[in-house]
2 protein chains.
Amino acid sequence: MNVTGHTTRPASIRDVADAAGVSYQTVSRVINGHPSVRPATRDRVLTAIEELGFRRNATAHALASGRSRIVTVLTANTTHYGYASILQGIEEAARAASYAVGIGVLESAGEAAVKAEVQRASDAGGGLIVIAYDRAGVRALAAVPAGLPVVGVVETPASPPGGESPWVWADDRAAAHEATRHLLSLGHDTVHYVAIPSSTRRTSARTAGWRQALREAGAAEPRPLQGSWGPAGGYAAGRRLARDPAATAILCGNDDLALGVMRALHEAGRAIPDEVSVAGFDDSPLAAYLTPSLTTVRLDFTGLGRAAFGLLHGVLEESATVAPHPVSAPELVARESSGPRQHPPRHTPRQHPGAVPPT
Amino acid sequence: MNVTGHTTRPASIRDVADAAGVSYQTVSRVINGHPSVRPATRDRVLTAIEELGFRRNATAHALASGRSRIVTVLTANTTHYGYASILQGIEEAARAASYAVGIGVLESAGEAAVKAEVQRASDAGGGLIVIAYDRAGVRALAAVPAGLPVVGVVETPASPPGGESPWVWADDRAAAHEATRHLLSLGHDTVHYVAIPSSTRRTSARTAGWRQALREAGAAEPRPLQGSWGPAGGYAAGRRLARDPAATAILCGNDDLALGVMRALHEAGRAIPDEVSVAGFDDSPLAAYLTPSLTTVRLDFTGLGRAAFGLLHGVLEESATVAPHPVSAPELVARESSGPRQHPPRHTPRQHPGAVPPT
DNA sequence: CTGAAAGCGCTTACAG
DNA sequence: CTGAAAGCGCTTACAG
């Protein structure tokens, strides 16, 4: 829309140049903050830019300069709390740095599908951030062609990587360790674990942290139950655990899983925390408002997203000294769902009268 | 990465042309599916494309053709269930149509900030989808310059718009109406309402649907309580409603709000549903697993997102006949949190012994 | 400090 | 059916 109110082609640097009485190269210098422009000239150009409502064509800029100011986030999911919060953190940081953010969803973990998504993401130009908390993400990160700027948001690495690794992570291994210790400290003989889907065939960081805490305490190591990302998986696991009198403390790979576990325990007539303690992971917004409110470990996902962008930003603009972005350490938040072990455990779970399976 | 394994400049249409022994215009014709290319020529070009791993440079394509295959979603939020699900639906449909999706978050509803975000979003080229469920979104939709392809995801309009309006909506007015009728049908004298923040100064569609149902039933119309999007707002509202003996049925603008309301009622010792019935809105994944499980109205947010993209796609590519995408009608899901009115209501709420305010 | 030229990798008419 | 030219709106050396 120009001053006459008509919808026309947007103003180009040539239009600005004409209006300011300079060549378009000078306009280019002004919009790029090049120093060698006479102040008076600069002012005239700035005035013309203002009057014409000029905005640099990002596409032309990208093509000519070879740099895009775009970050594309590759992720298997955009709605679960952790993923969504990382995305939010990336977006915040990107917006502050005037980067556009694109998203590509990895719907399948199949080799071909992952490769196609990675290619699509690279087509956007700019850099990539891959959320590699699951199989699809891990594969996508591996499939990024050499030379393409990329940062991975990953689980805690098993061994400390070199200082140059383009990865960020929250210390979910330590978080799981801490949550497990919390439950053990309440007198439970051991802690059962309902896992989120693992990103690889190897043991996930959360599982490793849980296991380590059990070993340190000399506690039995029950088999982890495989969950999903949502409450349905927790519910299924919870039904099985409700039948196990030894399961007096349950750690869940995320809060949604914990919700499902609690529901299943409730239906089985197992009181929380009097008979069974439950802890989650993430401290999602719902955790504090559940009944009982959920003991969990807070993870700084938005900080993680900001850190990921910061790292990528530093790679993309070598000149810009991008300060490393701190990610808060995991923090245990003890609430009502965890409590002291009661002796002896009940061996005959009651059937709760009002139990109705969720629909 | 070329065949030699070295990181180099990606293959261009000229490289392909050289390899195939044709001019680069012919390559352009092949990748654009232009009909007038001899099959043998086409095959040679296709082979060269395959060998060189050629991918069309999207930036150059956009600049030369003037069309981007990008949809940018403008939204005040990316993490709440409704917003995130709409985004998910858009992304699915966009991916299927080989469109890139960008997101821009409206952090503030301030005039200048909104305008700046809209401009940033337009810079990406392509089309816009604006989620206009809140003040920032409504303003953004209004601030989109004429001529820019845009689709709004809006609340149910007060009056039926013309067939050409670039809007999509779920019938949240009807949904609120249905949920209210459900609660009234259980014998409650009236239904209190805890609202999500309204998008405009006018009455929101959900509020209107609730009010209409009350009027039709000749029920009293309590003042709606202003909530937020998250459980904290519901908790605050719930504390107030817990003190009101007339509040025996509460409809909440979304499920997170309902969670907070239920927590507050629990702390005040008000039994759900025996003393107070609660219903939510959206049927988020947690609703079925809460205790009590939450009565709510399911809204087809991903369908809404797909529909929004479909509409935009039709605008962007006039040739492509894009089938209108159906959005499922809202559906009441009755669960444990709503039940028959008990007579007479208790006038002296008990204090629940284990009540601990959420942290 | 400022301008003229070449080019980024494509597409779009225009010839033939 | 295929090729040569001009151009999309910028940036990047290169002159002056």
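Chain A is the first sequence line, chain B the second, and so forth, proteins listed ahead of strands; every chain is numbered from 1.
- The side chain of B:S23 contributes an N or O atom lying less than 4.0 Å from OP1 or OP2 of D:dG3.
- Side-chain proximity of B:R38 to the nucleotides C:dG9, D:dC1, C:dC8 is greatest for D:dC1.
- When every heavy atom of A:L148 is checked against every heavy atom of A:S122, the shortest pair comes out as CD2-CB, 3.6 Å.
- At a threshold of 4.0 angstrom between heavy atoms, the contacts of A:T59 with the nucleic acid are absent.
- Base-pair partner of D:dC14: C:dG3 (Watson-Crick or G-U wobble, both distances under 3.5 Å).
- Here D:dC10 presents its P atom at 12 Å from CZ of A:R55, a figure rounded to the nearest Å.
- Contact check, A:R29 against C:dC1: no side-chain N or O comes under 4.0 Å of OP1 or OP2.
- For A:F301 and A:Y83, the gap between ring centers reaches or exceeds 6.0 Å.
- Comment: A:R67 does not engage A:E317 in a salt bridge, judged by the lack of any side-chain N to carboxylate O separation of less than 4.0 angstrom.
- Both A:R14 and A:G21 sit near DNA chain C, but only A:G21 has its closest nucleotide nearer the 5' end.
- Note: B:I129 CD1 to B:I131 CD1 = 8.0 Å, rounded to the nearest 0.5 Å.
- Straight-line distance from the CD atom of B:Q25 to the P atom of C:dA13: 14 Å, rounded to whole Å.
- Whole-Å rounding puts the B:I13 CD1 to D:dA4 P distance at 13 Å.
- Nucleotide D:dC10 holds its C1' atom 9 Å from the CZ atom of A:R56, rounded to whole Å.
- Map B:V37 and B:S65 each onto its nearest nucleotide of DNA chain D; the residue landing nearer the 5' end is B:V37.
- Distance B:Y24 OH to C:dG9 P: 13 Å, rounded to the nearest Å.
- The side chain of B:N57 places no N or O atom within less than 4.0 Å of a non-bridging phosphate oxygen (OP1 or OP2) of C:dC8.
- Using a 30° and 60° split on the angle between ring planes, A:H80 and A:W229 fall in the parallel class, below 30°.
- Whole-Å rounding puts the A:L63 CG to D:dC8 P distance at 13 Å.
- With rounding to whole Å, A:L52 atom CG is found 14 Å from D:dG9 atom P.
- Taking 4.0 angstrom as the limit, B:S28 places a side-chain polar atom (N or O) nearer than this to OP1 or OP2 of C:dT11.
- For the pair B:D18 CG and D:dT2 C1', the interatomic distance rounds to 16 Å; values are reported in whole Å.
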